[in-house]
Amino acid sequence: MPGFNALLQLEAAGLETFADEWARVHRKLKDTRTGFHADVVKPLHEDHWQGKGGRAAPRTSSRRHCRKE
């Protein structure tokens with residue numbers, strides 16, 4: 001475990017940069033999920049997918065967010 005003096009000398013800029021980058025990744029993943037839900041899941045649940053593919057999609061999906069509950 002680092003000692004008190006080592007912690008005082010710690011260069012925190014690298015940690016701050018890492019935190020900023022991770023926040024950016026998290027935001028992009030969240031935006032992607034929101035877009036996927038709006039463009040795919042919501043229309044699927046509202047029966048906007050037509051035909052054989054629309055009927056098969058909820059049955060063949062292994063993802064919880066794509067299944068009708």
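A side-chain contact (heavy atoms from CB on, under 4.5 Å) with Asp31 is found for one member of Arg27, Lys28, Arg33 and no other, namely Arg27.
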I'd like a table of donor-acceptor pairs (distance under 3.5 Å, sequence neighbours excluded) in which one partner is a side-chain atom from residues 12-22, with atom names and distances.
| residue | atom | partner | partner atom | Å |
| --- | --- | --- | --- | --- |
| Thr17 | OG1 | Ala13 | O | 2.9 |
| Glu21 | OE1 | Arg24 | NH1 | 3.2 |
| Glu21 | OE2 | Arg24 | NH1 | 3.0 |

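Under a 4.5 Å side-chain heavy-atom cut-off, the cluster of Ile, Leu, Val, Met, Phe, Trp and Tyr residues that includes Phe4 is completed by Leu8.
A distance of 10.5 Å separates OG1 in Thr34 from CG in Asp39, rounded to the nearest 0.5 Å.
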